[in-house]
Amino acid sequence: MHDYALAFLLTLIAGMSTGIGSLIAFLSRHTDRRFLTISLGFSAGVMVYVSMVEIFSQAKEALAGALGLWGGSWAAALAFFGGIGLIALIGRCFPENSAPLPEGGGNAGGLLRTGLLTASAIAVHNFPEGLATFVSALQEPGIAIPIVVAIAIHNIPEGIAVSTPIYQATGSKKKAFWFSFLSGLAEPAGALIGWALLLPVLNQAVFGVLLAAVAGIMVFISIDELLPAARDCGAHHLSIAGFVGGMGVMAFSLLLFL
């Protein structure tokens, strides 16, 4: 029982770090477009880098081990684009809106849609991530701790990615925080629900497919929503600077635990 409690606690800590990102977002003024542009670009950089460098490579490795190099590579690619198709369908549930932001320019409805879609994408990707953290903590807590720290680091800008556009579009810190908080809750929920439901069928191949789909989801939301929203709200070069900065921070956080 103690092992299960510790594994769940570590997973909860990793997921709740999205709330730290929400608090950082609230330090900006309501119409601070420079902060909005940089933070959205930064979040996109984090999500693209961790998806292509870490998550997708782990998916290919898992699937190659289960299906062989040829079959595993094909399965990883198909699951990656399947994840893109899934989040594209989710995006159709959020209608376009062209209401302006306060003090001229911008697109409040578009920002709100971006925030809601990002929250959905992050919740979807946090589900298998929470399951992975939980399982690794059960198997070897000493190995799980650096994994939890790395996940917590990259969950902070995910919290920014959710709360910033919602806060900028609605002016409500409460709404922005709760949407971010709920997206973070998907991590411990993934630990509990995934462990209960997927345990009978969970194997290396299934886990690899989940990871590859998650990578596709995160890449799509970054390119289709975060970067265009960042560019629309400020100078193009600021969004790219944030994007490169996000990749740099994520690269450094992963290198810390080699």
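Predicted model, so just to flag it, every value in this text is computed and none were measured.
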Please tell me whether Ile217 and Val206 are part of a single hydrophobic cluster in this structure, the criterion being side-chain heavy atoms less than 4.5 Å apart. yes
Using a 4.5 Å cut-off on heavy atoms from C-beta on, say whether the side chain of Val249 contacts that of Phe42. yes
side-chain contact (heavy atoms from CB on, under 4.5 Å) with Phe243: which of Leu238, Ile38, Val48, Val46? Val48
For Ser73 and Lys60, which heavy atoms make the closest approach, and how far apart are they? OG-CE, 4.1 Å
Joint cluster assignment, Leu182 & Leu12, ILVMFWY side-chain distance < 4.5 Å: yes
For the student: nearest non-hydrogen atoms of Glu61 and Gln204, plus distance: O-NE2, 4.3 Å
Start with the C-alpha distance between Leu63 and Val209, add both sets of side-chain angles, then the distance that settles side chain to side chain contact (heavy atoms under 4.5 Å, CB included), and finish with yes or no. CA-CA 7 Å; Leu63 287 166; Val209 168; 3.9 Å; yes
Side-chain contact test, heavy atoms from C-beta onward, threshold under 4.5 Å: evaluate it for Met52 versus Phe80 and give yes or no. yes
Can you list everything that forms a side-chain contact (heavy atoms from CB on, under 4.5 Å) with Ala59? Sequence neighbours excluded, please. Leu211, Ala212
Looking at Asp224 and Pro228, what are the two nearest heavy atoms and their distance? O-CG, 3.4 Å
Assigning hydrophobic clusters by single linkage (Ile, Leu, Val, Met, Phe, Trp, Tyr; side-chain heavy-atom cutoff under 4.5 Å), is Met16 placed with Ile13? no
Measure across Phe56 and Ala76 and return the closest heavy-atom pair with its distance rounded to 0.1 Å. CE1-O, 3.5 Å
Ser180 and Ser183 have their tightest heavy-atom pair at O-OG, 2.7 Å
Hydrophobic cluster membership, Val53 vs Ile223, 4.5 Å side-chain cutoff: yes
Those residues that, when tested against Thr18, pass side-chain hydrogen bond (donor to acceptor under 3.5 Å, both in side chains) (two or more places apart): none
Mind checking whether Phe81 and Val219 sit in one hydrophobic cluster, side chains of I, L, V, M, F, W, Y counted as touching below 4.5 Å? yes
